Protein chains: 2
Amino acid sequence: MHAGEAAPSGFAATPAPPYWQVVFTSRLSGDVAGYDEMAARMHALASVRPGFLGMESARGSDGLGITVSYWTDPEAIAAWKADLAHRAAQDAGIRRWYAHYTVRVARVERDYRHPAAAHASFGD
Amino acid sequence: MHAGEAAPSGFAATPAPPYWQVVFTSRLSGDVAGYDEMAARMHALASVRPGFLGMESARGSDGLGITVSYWTDPEAIAAWKADLAHRAAQDAGIRRWYAHYTVRVARVERDYRHPAAAHASFGD
């Protein structure tokens, strides 16, 4: 998906690789009061950061959630991580919302999709 | 999480970076008959492939799903993609199950987690 093309609902419209992705896998604790509001606020704050390309998120009925954010470069990710509002939410999340989480910062080397777009291929 | 440590339910027990991850974001079409069986079979087949490190998956009530698989190297990912059974499932998926999907192949450079493990840190 080239930037500027319309992405289907819920999908991020990322440019041709390379770019970066952060995979945040989490399980909520029992106390979820205020969680949805925090998550929506963090999404809104991230989306106006320099280097932000998009976000995709899913949480299943078993409580496991995966959020992937896309960024132009690792410096943009580090700046977002350092952002005070985000850090405050992280700290609150550690105390209140998340039983466990894992964060993985990765450089996207290839992408492809269905229905197919022009730029992307992998292994063909 | 070092390999060999127990991971919380639903989380992959990946080694210290670098390793690789494949993010598969998808939306199902209306026809989901047989989908769960196919997904379980693909997970079982992947988990015995050389280089497979783990998998995490979530699908929300809005129908958007994210599955992340973890691998030692890009060659292991390419071999899995070429696997005939997997390719057959992909083809069936294109026709039957997936309205849209995106696949992103990425090299994990850093990871960190809560509760904290010894090896991982980022931006601190």
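Since the model is a prediction, treat every value here as computed from it, not as a measurement. Letters go in sequence order (proteins before strands), and every chain restarts at 1.
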### Query
Do side-chain atoms of A:S29 reach the backbone of A:W97 as a donor and acceptor pair under 3.5 angstrom?
yes
### Task
Measure distances from B:Y19 to the heavy atoms of chain A and classify the residue's part below 4.5 Å as side chain, backbone, both or neither.
side chain
#### Entry: Residue pair A:A7 / A:A12: nearest heavy atoms and the distance that separates them
CB-C, 4.2 Å
### Query
Taking every heavy-atom pair that is under 4.5 Å apart, which of B:H114, B:E109, B:R107 has the most such pairs with chain A?
B:H114
#### Entry: Per-residue contact mode, A:S9 against chain B (heavy atom under 4.5 angstrom)
both
### Query
Between B:V105 and A:V68, is there a shared hydrophobic cluster once you connect ILVMFWY residues whose side-chain heavy atoms come closer than 4.5 Å?
no
### Message
Minimum heavy-atom separation for A:W20 and A:T72, please, with both atom names.
### Response
CD1-O, 3.8 Å
### Query
Is the backbone of A:Y35 close enough, under 3.5 Å, to the side chain of A:R96 for a donor and an acceptor to pair up by distance?
no
#### Entry: Minimum heavy-atom distance A:R110-B:P74, with the two atoms named
NH1-CB, 4.3 Å
### Task
Please tell me if the side chains of A:P115 and B:H100 come closer than 4.5 Å, counting only heavy atoms from C-beta onward.
yes
### Message
Quick check for you: among B:G65, B:G60, B:S61, which has the greatest number of heavy-atom pairs under 4.5 Å with chain A?
### Response
B:G60
### Closest-packed option against chain B by number of heavy-atom pairs under 4.5 Å, given A:T25, A:T67, A:D62
A:T25
### Query
What part of A:F24 lies closer than 4.5 angstrom to a heavy atom of chain B: side chain, backbone, both or neither?
neither
#### Entry: Residue pair B:R113, B:F11: steps toward the side chain to side chain contact (heavy atoms under 4.5 Å, CB included) verdict
CA-CA 11 Å; B:R113 55 188 46 74; B:F11 288 78; over 6 Å; no
### Summary
Of the listed A:G63, A:P18, A:S26, the one with the largest count of heavy-atom pairs under 4.5 Å with chain B is A:S26
### Query
Using non-hydrogen atoms and a limit below 4.5 Å, what part of residues 46-59 of chain B faces chain A?
B:E56, B:S57, B:A58, B:R59
### Query
Is there a side-chain contact between A:Q21 and B:Q21 (heavy atoms, below 4.5 Å)?
yes
